[in-house]
Amino acid sequence: MRIYIRPPALTDSAQFIAAVKASRKLHKPYTAPPDTPEKFAAYLEKAAQPNFCGLLVCMRDEEGVEQFVGGLNISNIIRGPLQGAFIGYQAFAGFNGRGLMTIGLKLAVAHAFKKLKLHRLEANIQPSNSPSIALAQRCGFNLEGFSPRYLKLRGKWCDHERWAIVRD
């Protein structure tokens, strides 16, 4: 079994959407990845922008078949003195709780620091999302603070904890 990250492609649409639909219970109320061909196409357009980097966490099984473990987004990339961005992620059902996203997130952090030349990544996580917080901690993120009513998700303003990691 091999875990790796790669950018999404239009040919990934059906497999990605199927993984998202199978993961609705896992993602709600924390995230809402693209779940239609139209939303996936819009996501790819966003991923083509210079201030956004979309990545798939993939696994190749013993037969060489690629499966999607989860997704990661490095967004709102700010250049100049900050050289920072936000990172968001979600595991797909059946792959959560197995340590695979830990590998994927560590690969994405290395990608952000080495290839994108970023200095800082920030993950904003709802306090009730303990699996996501545990993942951030395992990957070296540190709690920096609390932001009340930080993001509007599914029509509701939600509190978030700010977790960050900086390049050594």
Side-chain angles (χ1 to χ4, degrees), residues 1-49 52-77 85-113 115-116 121-141 150-156 158 160-161 163-165:
M1 171 177 64
R2 180 176 157 244
I3 305 298
Y4 56 96
I5 56 173
R6 68 167 177 81
L10 188 56
T11 54
D12 297 323
S13 181
Q15 184 180 352
F16 184 90
I17 291 166
V20 167
K21 288 182 177 180
S23 305
R24 282 194 171 130
K25 286 183 182 178
L26 182 64
H27 295 162
K28 192 176 181 180
Y30 304 116
T31 187
D35 60 358
T36 67
E38 297 77 20
K39 289 178 183 176
F40 188 77
Y43 170 70
L44 290 178
E45 284 183 31
K46 189 176 184 179
Q49 301 302 311
F52 191 95
C53 176
L55 297 166
L56 296 173
V57 179
C58 303
M59 176 179 78
R60 262 202 211 284
D61 65 18
E62 292 78 24
E63 290 81 39
V65 175
E66 181 181 67
Q67 298 178 352
F68 297 155
V69 171
L72 300 139
N73 295 314
I74 301 169
S75 62
N76 297 316
I77 297 171
F86 296 99
I87 189 162
Y89 46 83
Q90 67 273 334
F92 291 135
F95 298 101
N96 56 308
R98 296 172 47 190
L100 304 175
M101 281 300 291
T102 300
I103 297 168
L105 182 55
K106 286 180 178 181
L107 290 170
V109 168
H111 177 81
F113 290 160
K115 182 163 181 168
L116 300 178
L121 285 175
E122 184 174 313
N124 290 284
I125 307 168
Q126 292 179 54
S128 61
N129 192 346
S130 54
S132 186
I133 290 170
L135 174 57
Q137 287 176 312
R138 281 193 305 276
C139 293
F141 285 73
Y150 180 70
L151 289 174
K152 194 173 194 177
L153 302 170
R154 300 179 193 263
K156 180 183 172 196
C158 299
H160 282 71
E161 292 180 357
W163 290 82
I165 188 169

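Every residue meeting the ring-ring contact (aromatic ring centres under 6.0 Å, His included) condition with Y150, not counting sequence neighbours, appears here in chain and number order: H160. Applying the salt bridge (charged side-chain N to carboxylate O under 4.0 Å, His left out) test to K39 and every residue at least two apart in sequence or in another chain returns D35. When the side chain to side chain donor-acceptor pair (under 3.5 Å) test is applied to T31, no partner is found at least two apart in sequence or on another chain. When the side chain to side chain contact (heavy atoms under 4.5 Å, CB included) test is applied to Y30, the partners found at least two apart in sequence or on another chain are Q126, S128, N129. Contacts of E63 classified as side chain to side chain contact (heavy atoms under 4.5 Å, CB included), with partners at least two apart in sequence or in another chain: D61, V65. Taking A47 as the reference, F52 meet the side chain to side chain contact (heavy atoms under 4.5 Å, CB included) condition, with sequence neighbours excluded. Under the ring-ring contact (aromatic ring centres under 6.0 Å, His included) criterion, Y89 pairs with no residue, sequence neighbours left out. Partners of Q49 by side chain to side chain donor-acceptor pair (under 3.5 Å), not counting sequence neighbours: none found.
Taking both residues in full, the closest heavy atoms of R98 and G94 are given as NH1-O, 2.9 Å, listed atom of the first, atom of the second, then distance. Between G71 and M101, the shortest heavy-atom distance links the atoms O-CE, 4.1 Å. Residues S75 and A85 share a closest heavy-atom pair of O-CB, 3.4 Å. The heavy-atom pair separating L26 from A93 by the smallest distance is CD2-N, 3.9 Å. When all heavy atoms of G104 and L72 are compared, the closest pair comes out as O-CD1, 3.8 Å. Nearest approach of I74 to A108, heavy atoms of both residues: CD1-O, 4.0 Å.
Between F16 and F92, the ring center distance clears the sub-6.0 Å criterion.
Screening residues 101-111 for side-chain hydrogen bond (donor to acceptor under 3.5 Å, both in side chains), with sequence neighbours left out, gives T102-R138.
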**Study point:** Working for side chain to side chain contact (heavy atoms under 4.5 Å, CB included), residues V57 and L100
**Key:** CA-CA 8 Å; V57 179; L100 304 175; 5.7 Å; no
Point to revise | Step-by-step side chain to side chain contact (heavy atoms under 4.5 Å, CB included) determination, F40 to V20 | key: CA-CA 11 Å; F40 188 77; V20 167; over 6 Å; no
Exercise for review: Take C53 and L116, measure what side chain to side chain contact (heavy atoms under 4.5 Å, CB included) needs, and give me the verdict at the end.
Suggested key: CA-CA 9 Å; C53 176; L116 300 178; 4.1 Å; yes
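How far CZ of F86 is from CG of N76: 6.0 Å, rounded to the nearest 0.5 Å. Annotation: the span from S132 atom OG to L105 atom CG amounts to 8.5 Å, rounded to 0.5 Å. Here I165 contributes atom CD1 and F113 contributes atom CZ; the two are 5.0 Å apart, rounded to the nearest 0.5 Å. Rounded to the nearest 0.5 Å, atoms CD1 (I125) and OG (S130) are 10.5 Å apart. The distance from atom CG of N96 to atom NE2 of H27, rounded to the nearest 0.5 Å, is 8.0 Å. Separation of atoms CG (L55) and CD1 (I5) is listed at 4.5 Å; rounding is to 0.5 Å.
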Would you mind writing out the side-chain donor-acceptor pairs for residues 6-13 within the sub-3.5 Å range, not counting sequence neighbours?
{"unit_1": "R6", "atom_1": "NE", "unit_2": "E66", "atom_2": "OE2", "d": "3.1"}
{"unit_1": "R6", "atom_1": "NH1", "unit_2": "D12", "atom_2": "OD2", "d": "2.9"}
{"unit_1": "R6", "atom_1": "NH2", "unit_2": "D12", "atom_2": "OD1", "d": "2.8"}
{"unit_1": "R6", "atom_1": "NH2", "unit_2": "D12", "atom_2": "OD2", "d": "3.3"}
{"unit_1": "R6", "atom_1": "NH2", "unit_2": "E66", "atom_2": "OE1", "d": "2.9"}
{"unit_1": "D12", "atom_1": "OD2", "unit_2": "A9", "atom_2": "N", "d": "2.7"}

